[in-house]
Amino acid sequence: MRTWQVERRKRTRHLIELGGLVVKAGVVDLTGDDRATILGALLWIANKLQSNQGEQARALWAAKGKQAFEAAPAARKGTDRAIPAVCP
């Protein structure tokens with residue numbers, strides 16, 4: 001297989017995994033698959049990370065994400081079951 005094909009497949013897998021996180025978090029269902037809303041939320045996250053509160057937000061979100069992965073046996077088994085919400 002050519003180098004560019006390998007790189008394209010790696011990129012495609014990465015993008016699919018990121019999309020899976022959006023689905024597992026329930027964002028697709030909660031927004032009614034409204035891509036403008038999803039993009040707006042992601043842009044808000046990016047702005048937050050670039051602000052003076054970025055490190056605090058990153059630490060909080062990383063902790064919540066780790067907690068969700070640990071709480072979901074499906075994440076360890078590699079299935080597509082939803083990760084339960086871990087928001088207060």
Side-chain angles (χ1 to χ4, degrees):
M1 189 172 301
R2 295 184 176 159
T3 304
W4 66 269
Q5 289 173 313
V6 171
E7 292 304 315
R8 186 183 71 199
R9 286 186 180 186
K10 280 185 192 178
R11 180 178 183 273
T12 300
R13 179 176 176 90
H14 182 72
L15 294 173
I16 289 168
E17 289 171 350
L18 291 173
L21 293 175
V22 173
V23 172
K24 285 182 179 186
V27 174
V28 174
D29 291 336
L30 291 169
T31 63
D33 200 8
D34 182 345
R35 294 174 188 199
T37 300
I38 295 169
L39 178 58
L42 292 171
L43 290 171
W44 178 80
I45 291 168
N47 285 334
K48 186 73 160 181
L49 290 170
Q50 292 172 345
S51 75
N52 60 351
Q53 299 171 347
E55 289 306 314
Q56 181 182 2
R58 183 185 316 271
L60 175 67
W61 297 336
K64 287 185 176 289
K66 287 177 187 174
Q67 194 176 28
F69 277 128
E70 290 168 0
R76 290 189 291 276
K77 293 179 185 173
T79 66
D80 287 336
R81 293 185 210 139
I83 293 176
V86 185
C87 297

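These numbers come from a predicted model, not from an experiment.
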* To do: Check whether Trp44 and Leu60 end up in the same hydrophobic cluster, where Ile, Leu, Val, Met, Phe, Trp and Tyr are linked by side-chain heavy atoms less than 4.5 Å apart.
  => yes
* Asked: Is Leu42 linked to Val28 within one hydrophobic cluster, defined over Ile, Leu, Val, Met, Phe, Trp and Tyr using a side-chain heavy-atom separation of less than 4.5 Å?
  -> yes
* Rounded to the nearest 0.5 Å, how far apart are NZ of Lys48 and CD of Gln56? -> 7.5 Å
* For the pair Gln5 (side chain) and Arg2 (backbone), establish whether a donor and an acceptor sit closer than 3.5 Å, ignoring hydrogens and angles. => yes
* How long is the gap from CG on Leu18 to CZ on Arg13, to the nearest 0.5 Å? -> 11.5 Å
* Asked: In Å and rounded to the nearest 0.5 Å, what is the CD to CD distance from Glu70 to Gln67?
  -> 8.0 Å
* Can you measure from CH2 (Trp61) to CG (Leu49) and round to the nearest 0.5 angstrom? => 5.0 Å
* Interatomic spacing from NZ in Lys10 to CG in Leu15 - rounded to 0.5 Å -> 14.0 Å
* How long is the gap from CD1 on Ile38 to CG on Leu30, to the nearest 0.5 Å? -> 9.5 Å
